[in-house]
There are 2 protein chains.
Amino acid sequence: MFSFTEENYLKSIVQLTVFEEGVDEVGVNRLAVYLDVKPATVTDMVKKLKAKGLINYQRYGKVSLTEEGRLIGLRVVRKHRLWETFLHDKLKFNWDQIHEIAEQLEHVNSSELTNRLDAFLGFPEFDPHGDAIPRADGSITMPYRKLLNEAVPDQLYRIIAVSDNSNEFLRLFDEMGLNINDEVQMLVRNDYDGLLHILFNGKERTISPKFAENIYVVCAKCGKAKACNCN
Amino acid sequence: MFSFTEENYLKSIVQLTVFEEGVDEVGVNRLAVYLDVKPATVTDMVKKLKAKGLINYQRYGKVSLTEEGRLIGLRVVRKHRLWETFLHDKLKFNWDQIHEIAEQLEHVNSSELTNRLDAFLGFPEFDPHGDAIPRADGSITMPYRKLLNEAVPDQLYRIIAVSDNSNEFLRLFDEMGLNINDEVQMLVRNDYDGLLHILFNGKERTISPKFAENIYVVCAKCGKAKACNCN
DNA sequence: TCGCAGCGTTAGATTGATCTAACAAAAGCC
DNA sequence: GGCTTTTGTTAGATCAATCTAACGCTGCGA
């Protein structure tokens, strides 16, 4: 149906719009960096995808998904996250090993397979990194969340996801003793260098803003990310 | 490491030598038919694989595997058969649906994944079609077997494998009520057109030689394929 | 033993995905 | 508003895998 490469472009656009940035269009350079290819390559590919009716685009403009492109991209993300869940839950891989393998598995083409895998895993809603798994019809439950970096002092949060899937980040996360669903409290933010002092599992730790901005949290009491009236 | 395509060539050579024909070399045309490409394409690829030290070959000669090529090809077959087992045993696919999906899964590159999958499945020795699954070190248990087509009258056989993975064959096999491990007896072979009359599960059926030559059997009593002294 | 059918090769073209280098447009800044 | 930086495009090349068409070997059978 669609090539390995085309699928990767659509998946990346989904990731950069629907998921990461909360906007609905993305520039050619941003895409090139994300896909680790040169901008010239993206320009070519983007013309091809437009010709196929999968994206909206015009010379020197930004790229956004058409309805069809969005569905295909979401389907790849769905497969990726289901396979990650399989690798983690069934094959007992550490969560810092699963991303690269899922990059390959996500391109296996068989909706029957995807749906049976989904059932085999018990229709999970979130993958091991806490990210929402799109459903077969392309719908997603986007949890209302904020970055730990944006936490306000004294409020109690619950970690629900991480946004960096690199081995380095995930290993550091593990080594600190953190886990998805842990409760964490931000004590003080250092205005000079942005370091955060946090409290979790009775331990007090100092973390960098770079680390904190890859951790998603919700209010531990009401589950909402917005400043709430819980405390 | 090796491209999708290179892996497919090596896998096919393994299949046509180690498994199907019991010889150790294969011609360019035979390979071209098997891979569904033109002979000219095979000639090119074969030069490339020779340059990489994966096969033995010279102009106008036949192709055979080097030790390294054999290992890589067997690794692909191993992955294919493990995935088929997964699809059948865990995801409950019918055995006529699994081949095409496994064709895609077999190219996922991660020995860690392959070995964990192997363990998850309980280290199976045979896939759902009854074919031996090569082990991680490249060793294989080749069962001593013969084709149902070559069965002698009155002896009792046990079906251990099939050699045609096409949907048409497998569906017919199912519809007749046959199963791997069923016991079957050849009653009469019609000398004129080769039709076979067989008996299994108390049913008597007439089958074509084309059908019978895709079914592997062993002696039901001693497990050996050779004419034995059991009866 | 010789000719021809079948097997295998070569040359040249195509397609998809990528690159580099040079250029063009848009955005940002004073 | 004009200069500079950032962003994006174009042209032309490369590489892998494939094709077609034409040609070169080889071995079997008469």
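Numbers restart at 1 for each chain; the letters A, B, ... are given by sequence-line order, proteins then strands. The shown structure was predicted, so the numbers you read here are calculated from the model rather than taken from an experiment.
- Among the protein residues, A/Y9 comes within range of the sugar-phosphate backbone only, with heavy atoms under 4.0 Å from sugar or phosphate atoms but none that close to a base.
- Residue B/K47 is classed as a sugar-phosphate contact, given heavy-atom separations below 4.0 Å to backbone atoms only.
- Side-chain proximity of A/N29 to D/dT7, D/dT10, D/dC25: nearest is D/dT7.
- Here the straight-line distance linking atom CZ of A/F169 with atom CG of A/N214 works out to 5.0 Å at 0.5 Å rounding.
- Atoms NZ (B/K62) and P (D/dT26) sit 13 Å apart, rounded to a whole Å.
- Within the 4.5 Å cutoff, side-chain heavy atoms of A/K79 are placed close to those of A/E7.
- Atom CD of A/E6 and atom C1' of C/dG16 are 9 Å apart (whole Å).
- Between A/R78 and A/D118 a salt bridge is recorded (basic side-chain N to carboxylate O distance below 4.0 Å).
- Of the charged side-chain nitrogens involved, at least one lies within less than 4.0 Å of a carboxylate oxygen, so that A/R116 and A/E112 count as a salt-bridged pair.
- Taking the ring centroids of B/H129 and B/H99, they lie at or beyond the 6.0 Å cut-off.
- For the pair A/Q58 CD and D/dT7 C1', the computed distance is 16 Å after rounding to whole Å.
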Between protein and nucleic acid, restricted to nucleotides 13-16 of chain D and to nitrogen or oxygen atoms under 3.5 Å apart, what atom pairs and distances do you find?
none

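- A/H88 places none of its side-chain heavy atoms less than 4.5 Å from the side chain of A/E84.
- Whole-Å rounding puts the A/R59 CZ to C/dC23 P distance at 16 Å.
- For B/K52, the NZ atom counts as densely surrounded, since its 6.0 Å shell holds more than 12 non-hydrogen atoms of other residues, nucleotides or ligands.
- Taking the six-membered ring for Trp and the full ring otherwise, the centers of A/F4 and B/F4 sit at least 6.0 Å from each other.
- A salt bridge links A/E103 with A/K11: the closest approach of a Lys/Arg side-chain nitrogen to an acidic carboxylate oxygen falls below 4.0 angstrom.
- Using a 4.0 Å heavy-atom cutoff across all strands shown, B/G27 reaches sugar-phosphate atoms only and no base atom.
- The interatomic distance linking B/I55 (CD1) with C/dG8 (C1') rounds to 14 Å, in whole Å.
- A heavy-atom distance below 4.0 Å to DNA chain C is reached by these residues of residues 38-46 of chain B, ordered by number: B/P39, B/A40, B/T43.
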